[in-house]
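Structure first, commentary second.
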Amino acid sequence: MAESQQEPARPAPEGPRGPGWVLIGFRGSGKTTVGRALAERLGVPFVDTDEQIVRRAGRSIREIFADSGESAFRELERAMIAELNPSPAKIIAVGGGAIEDRRNVARLRKLGRIIWLDAPAAVLTARIAADPETETTRPSLTGLSPADEVATVLLRRRPLYAQACDLRVDATSDTPAVIVEVILKAFPPASA
Ligand code: S3P
């Protein structure tokens, strides 16, 4: 069985959800690509919190990590998520580590239904290596080799993604267009 199928996501605790769609998942899971496609399909705004952080800081994520450390980046990330407004309904993609802070998860639930784009470690490692964005947006989190970092950090985060999400989508091989339809079948705009 594929690694991404070993752990079916348990439903996140009941509670009010905002009207939007929030994409979570590891680096390389396709949050930005799927988020843009979903926003285009629905004609709603798309917000990528990493892009907002970079714009506000006037520095790349790699520079923020290098100059001020990961904890400074996490503070910027927390502040950015806290500022987002549920209305109007929108698509929000957050960095892969955002769910490590429970406050972020609670706030994301108020913005929308949370969708976890899941894929096996080997797939994520290959996509991260192939993505030109990696150089500026994905500084090392551990000092380990890329493959070891994905394996180690994903092991820690998988239960957090599973707990945070309302829907887990296998993003291993389907195109963004197919993933968009899977998401909309589960959470059509009218269900907001
Ligand atoms: C991070 C993922 C990155 C970015 C930062 C930290 C992480 O976002 O927020 O480099 O901790 O996994 P993506 O998941 O969009 O690559």
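Ligands are counted one by one from 1 in listed order, and the atoms in each one are counted from 1 as well.
To the nearest 0.5 Å, atom CZ of residue Phe65 and atom CZ of residue Arg74 are 5.0 Å apart. Atom CD of Gln52 sits about 8.0 Å away from atom CG of Asp48, to the nearest 0.5 Å.
Within 4.0 Å of ligand 1, protein heavy atoms belong to Arg27, Lys31, Asp50, Ile61, Phe73, Arg74, Gly95, Gly96, Gly97, Thr137, Arg138, Pro139, Leu141, Arg157, listed by chain and number.
For Val105, the side chain to side chain contact (heavy atoms under 4.5 Å, CB included) test picks out Ile99, Arg109, Ala164, with sequence neighbours left out. Judged as a salt bridge (Lys or Arg N to Asp or Glu O under 4.0 Å), and not counting sequence neighbours, the contacts of Asp131 are Arg138.
Listed by first and then second residue, the salt bridge (Lys or Arg N to Asp or Glu O under 4.0 Å) pairs involving residues 22-34 are Arg27-Glu149 (not counting sequence neighbours).
Between the side chain of Lys90 and the main chain of Asn85, a donor-acceptor pair closer than 3.5 Å is present.
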